[in-house]
Undergrad: 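Here it is: the structure, laid out below.
Convention: sequence-line order gives letters A, B, ...; per-chain numbering from 1. All values derive from a computational prediction rather than experimental measurement.
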Amino acid sequence: MKLERWMKQLMIIFLLLSMGSPLSVYSEGTDTVASIDALRERVQALEKEAAELEDQNHGLRMMLREMEDDEIYIVVDTENHRLTLRRGDKVLRTVVVGTGSRQMVEEETGRNWYFETPIGSFTVLAKERNPVWIRPDWSYVEENMPVPPKDDPDRIVRGVLGKYALVLGGGYKIHGTLYKDLLGTSFTHGCISMDDDDLEAVYKAAKIGTKVYIY
Amino acid sequence: MLIRIAIGLCAASILFFMINPAYADQAGEDMQALLLREKELGAKVERLRLEQEFLLFKKGFYTLDSKYLILDPVSKTGQLRYKNRLLKEFRFTTPSPREAKALPRGVLILSKKLGSDHNRLTLIFSGSLILKSMESGRQAVRKSDTPRLYLKKSDMLSLFYALEVGGRAYVLHHDF
């Protein structure tokens with residue numbers, strides 16, 4: 001009897017101890033479950049955000065692709081006297097050019113002209129073969145010659161602009177030159193001049209509407 | 001009888017003891033996996049955000065009437081662009097790899113242009129990046145801790161006269 005009672009008491013104590021441990025593990029387990037659930041929610045939120053960003057970026061890339069094209073364009077670096085023919089981001093040809101002298105000519109009457117290649121974005125408005133130079137007033141002033149009337153045939157000069165010209169507007173052109181030794185310097189009256197072979201290549205590559213970026 | 005009941009209960013407790021550690025192990029593994037996944041996703045989201053920042057920058061400048069720069073600190077190359085057109089490509093150097101890593105990233109604004117007569121041309125962006133031309137083939141002596149990029153004089157010449165104060169540059173993050 002006594003033994004049975006002792007055994008009963010021992011069993012009860014043992015049972016209580018063994019139940020206490022699972023309880024604490026259970027409460028820890030409950031905390032772990034709550035943490036895992038919160039973490040799972042964060043992961044899901046990040047997955048959603050990543051998917052949304054991927055979609056948005058894809059849309060942006062598509063939009064940018066539509067804004068790009070494969071057209072040829074011309075870039076003129078006036079500081080370094082280089083003209084580059086490009087298609088997309090590729091260089092097709094780089095050419096040494098002459099650009100505006102940044103000199104000024106002044107007439108006694110007070111008229112003056114500053115010779116600089118204009119900066120900005122232009123378009124090839126026309127293409128000319130065997131272009132003719134119509135001498136402007138400053139070319140007479142520059143040589144201390146009297147300025148003839150506007151319709152004077154003396155103003156028409158052939159063979160000084162090369163075989164081709166691309167008209168940019170405002171009196172500016174891309175054309176050839178007799179002064180090939182001066183290419184790579186600022187010597188023109190604002191136009192962009194180049195060697196004959198380069199001129200032919202650029203003329204043939206460009207079309208009316210080709211963009212020209214001068215900086 | 002009582003002893004049998006007691007033995008049965010003890011056995012059940014022992015079994016419970018054995019299951020719970022196993023359960024705790026499994027929960028730990030799940031937690032580790034989720035934490036790793038969270039970290040990976042966090043990095044991915046950051047990468048995507050940076051990519052979007054650059055795409056939005058490009059989209060904005062494809063429509064603006066303004067030239068801008070894109071600088072790649074990894075390949076040490078840069079581009080002068082106007083809308084969707086590439087005007088010029090150039091290379092640059094940094095004084096050290098450490099300085100290359102310290103380069104600011106993202107959008108910068110041209111705040112100052114220094115130099116005249118093609119000498120000692122300097123472009124300062126947002127007070128946090130300086131572009132200078134090489135001087136006599138040597139890199140200029142540093143007077144401040146602002147990160148610097150050095151370009152060939154001819155390239156610096158082009159950029160100096162092409163960009164206006166207020167113009168933008170984008171330094172690539174290279175995480176995407």
Side-chain angles (χ1 to χ4, degrees), chain A residues 4 7-8 10-12 14-15 17-19 21-22 24-26 28-29 32-33 35-36 38-40 42-47 49-54 56-61 63-64 67-69 71 73 75-80 82 84 86 88-91 119-121 211 213-215, chain B residues 2-3 5-7 9-10 12-14 16-17 19-21 23-24 27-28 30-31 33-35 37-42 44-49 51-52 54-56 58-59 62-63 65 67 79-89 118 154-163 176:
Chain A
E4 255 194 46
M7 279 191 70
K8 268 190 226 173
L10 269 171
M11 291 301 161
I12 288 165
F14 181 71
L15 273 171
L17 280 172
S18 60
M19 279 174 69
S21 293
S24 68
V25 170
Y26 175 77
E28 276 177 22
T32 305
V33 166
S35 303
I36 287 179
L39 189 48
R40 246 186 221 115
R42 289 205 303 271
V43 165
Q44 280 170 0
L46 282 170
E47 278 169 348
E49 189 179 359
E52 283 171 358
L53 282 168
E54 272 174 337
Q56 288 164 6
N57 290 358
H58 176 72
L60 281 168
R61 279 194 295 272
M63 208 180 293
L64 286 170
M67 295 165 87
E68 291 160 2
D69 58 50
E71 295 294 319
Y73 58 101
V75 182
V76 180
D77 178 351
T78 57
E79 293 300 324
N80 289 295
R82 292 292 184 277
T84 308
R86 287 184 179 271
D89 283 3
K90 288 186 196 158
V91 172
I119 303 299
S121 177
K211 298 299 282 184
Y213 304 94
I214 305 175
Y215 66 91
Chain B
L2 206 59
I3 289 171
I5 292 167
I7 291 167
L9 282 169
C10 287
S13 298
I14 289 163
F16 195 71
F17 253 126
I19 289 166
N20 270 305
Y23 173 77
D30 286 350
M31 180 78 95
L34 283 168
L35 283 169
R37 180 81 180 127
E38 185 189 29
K39 193 177 171 190
E40 286 169 354
L41 283 169
K44 184 178 180 181
V45 162
E46 181 59 18
R47 210 169 51 245
L48 288 167
R49 279 202 199 116
E51 186 190 8
Q52 189 169 104
F54 179 55
L55 291 170
L56 286 170
K58 276 178 83 168
K59 179 174 166 263
Y62 272 25
T63 55
D65 184 25
K67 293 186 265 305
Q79 295 183 338
L80 173 68
R81 301 190 74 101
Y82 173 73
K83 293 186 190 279
N84 61 346
R85 301 299 190 203
L86 174 58
L87 302 184
K88 184 180 182 72
E89 285 176 295
H118 297 184
S154 59
D155 292 335
M156 194 62 204
L157 201 59
S158 300
L159 299 192
F160 190 88
Y161 289 103
L163 294 169
F176 52 87

Undergrad: Could you tell me which residues satisfy side-chain contact (heavy atoms from CB on, under 4.5 Å) with Lys59(B), sequence neighbours excluded, listed by chain and number?
TA: Leu60(A), Met63(A), Leu64(A)

Undergrad: For the interface with chain A, which of Met31(B), Arg85(B), Lys58(B) has the highest count of heavy-atom pairs at distances below 4.5 Å?
TA: Arg85(B)

Undergrad: Among Asn84(B), Leu80(B), Leu41(B), Asp65(B), who wins on heavy-atom pairs under 4.5 Å with chain A?
TA: Leu41(B)

Undergrad: For the candidates Arg49(B), Glu38(B), Glu89(B), which exhibits the highest count of non-hydrogen atom pairs separated by less than 4.5 Å from chain A?
TA: Glu38(B)

Undergrad: Pick one of side chain, backbone, both or neither for Asp89(A), based on which atoms fall under 4.5 Å of a heavy atom in chain B.
TA: both

Undergrad: Heavy-atom distances under 4.5 Å only: say whether Glu40(B) touches chain A with side chain, backbone, both or neither.
TA: neither

Undergrad: Quiz question: by atom type and distance under 3.5 Å, do the side chains of Glu51(B) and Asn57(A) form a donor-acceptor pair?
TA: yes

Undergrad: Tell me which of these, Val75(A), Ile36(A), Leu39(A), has more heavy-atom pairs under 4.5 Å with chain B than the rest.
TA: Leu39(A)

Undergrad: Just to verify, what does Glu54(A) make a side-chain contact (heavy atoms from CB on, under 4.5 Å) with, not counting sequence neighbours?
TA: Lys44(B), Leu48(B)

Undergrad: Working to the nearest 0.5 angstrom, can you tell me the gap between Glu52(A) CD and Gln52(B) CD?
TA: 10.5 Å

Undergrad: Which bit of Glu71(A) comes within less than 4.5 Å of chain B, counting heavy atoms only: side chain, backbone, both or neither?
TA: both

Undergrad: Does Arg81(B) reach the main-chain N or O of Lys67(B) with its side chain, forming a donor-acceptor pair under 3.5 Å?
TA: no

Undergrad: Answer yes if the side chains of Tyr62(B) and Glu68(A) hold a donor-acceptor pair under 3.5 Å, and no otherwise.
TA: yes

Undergrad: Chain B heavy atoms under 4.5 Å from Ser121(A): which part of the residue, side chain, backbone, both or neither?
TA: side chain

